[in-house]
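Note sheet for the following structure.
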Number of protein chains: 2
Amino acid sequence: MTVRQPLEPLPPDLFEELCPSAMVPFRFGDKWSALVIRCLEDGPRRFSELRVPLHRVTPKMLTQTLRGLERSGLVSRTAHADPALGVEYALTPLGRSLLEPMRVVYGWVAEHWEELLDAQERYDTPALRNPA
Amino acid sequence: MTVRQPLEPLPPDLFEELCPSAMVPFRFGDKWSALVIRCLEDGPRRFSELRVPLHRVTPKMLTQTLRGLERSGLVSRTAHADPALGVEYALTPLGRSLLEPMRVVYGWVAEHWEELLDAQERYDTPALRNPA
DNA sequence: CAGAATCCGTTAAGATACTG
DNA sequence: CAGTATCTTAACGGATTCTG
């Protein structure tokens, strides 16, 4: 029979080892970043263009989100010389390289979100947890 | 020349359409959930076992994280009849199905985190933004 | 149009101490 | 061992108002 290893499989420095992965919540754990990236998938967009699909976002949050993505090198901001052309946001190559991994996660969610909701309902409903 | 579509590519209900994806930050945007899932990858673990690799987590946060994962049906909690055996946490099949998508994201981060850090340093250092 | 500034309520996270 | 309880701080998110 397989005896589970006491502690060895989990090196004490696992936290450090996984540190890069801790950047995931750091950068994409917020409410809007992932959505903004998807909205830029088909090409550059202007500030007010982005507000349409994300119709619940306030200008403050959109600015904040875009600054964060810009800071991480995922999104570029270009203010045209002609102000009439507005300010355009676009994915950088780095940002674009994120689309595929994101699609994988979205695919999982799309496939399993009913299960997640069902589980939550069971967990939250005492009656369903102790079936007669 | 390719003329960008004005607004059509972004349906007004994009937010609704992406709603499932909003569950990603909802469930994995917190600081510890993703890390806990990885720690359960190799098999069931006990409460205090999990605290070792995540040595910065307080019992309160670990409890909270585990409850959340349990609620979503990703992790199961089994308290053995013999208290000496303790309480074991394990991935459910649903939780296990998440490992592969997570690996894809981690792979991306592992490949690109230097770029992310470099970009942030450039963004944060005014001197580097206006090269002489 | 593309934000900036301010205020405010909610939630997340952590420290600390205690319990069956 | 496996948590609970309480408190404090920090971060997130949003409403509103204002500006070049």
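On a predicted model such as this, the values are computed, not experimentally measured, just so you know. In what follows, chains carry the letters A, B, and so on, assigned in the order in which the sequence lines appear, proteins first and then strands, with residues in each chain numbered from 1.
Listed candidates were D:dG3, C:dG14, D:dG13. Nearest to the side chain of A:Met61 is D:dG13. Of the candidate nucleotides C:dA17, C:dA4, D:dA2, C:dA17 has the atom nearest to the side chain of B:Pro59.
Counting to the nearest Å, the C1' atom of D:dC1 and the CD atom of B:Glu88 are 13 Å from each other. In this entry the distance linking CD of B:Glu70 with P of D:dA2 reads 14 Å, nearest Å. Atom pair B:Gln64:CD and D:dT6:C1' shows a separation of 14 Å (rounding to whole Å applied). Across the protein-nucleic acid pair, A:Asp30 atom CG and C:dA13 atom P stand 13 Å apart, rounded to whole Å. Atom CZ of B:Phe47 and atom C1' of D:dT4 are 10 Å apart (whole Å). Rounded to an integer number of Å, the gap from B:Leu62 CG to D:dA2 P is 10 Å. A:Leu66 places its CG atom 14 Å from the C1' atom of C:dC1, with the value rounded to the nearest Å. Atom NZ in B:Lys31 sits roughly 9 Å away from atom C1' in C:dG14 (whole-Å rounding).
Between the side chain of A:Ser72 and the backbone N or O of B:Leu116, no donor-acceptor pair lies under 3.5 Å. The backbone N or O of B:Thr92 lies less than 3.5 Å from no partner atom in the side chain of B:Ser76, so there is not a single donor-acceptor pair.
Distances shown here put every side-chain N or O of A:Arg46 at or beyond 4.0 Å from the OP1 or OP2 atom of C:dC1. The phosphate of C:dG3 (OP1 or OP2) has a side-chain N or O of A:Tyr89 nearer than 4.0 angstrom. Contact annotation: B:Arg67 reaches the phosphate of D:dT4 (side-chain N/O to OP1 or OP2, under 4.0 Å). Residue B:Lys60 has no polar side-chain atom (N or O) positioned under 4.0 Å from OP1 or OP2 of D:dC7. Taking side-chain N and O atoms only, A:Arg51 has no distance below 4.0 Å to OP1 or OP2 of C:dC1. Side-chain nitrogen and oxygen atoms of A:Ser48 include at least one within less than 4.0 Å of the OP1 or OP2 phosphate oxygen of C:dA2.
Taking CG from B:Leu85 and CZ from B:Arg46, the interatomic distance works out to 7.5 Å, rounded to the nearest 0.5 Å. Atom CZ of residue B:Arg38 and atom CG of residue B:Leu54 lie 11.5 Å apart, to the nearest 0.5 angstrom. To the nearest 0.5 Å, the span separating CG on B:Leu62 from CG on B:Leu35 amounts to 11.0 Å.
Here A:Arg77 lies in heavy-atom contact (under 4.0 Å) with sugar-phosphate atoms only.
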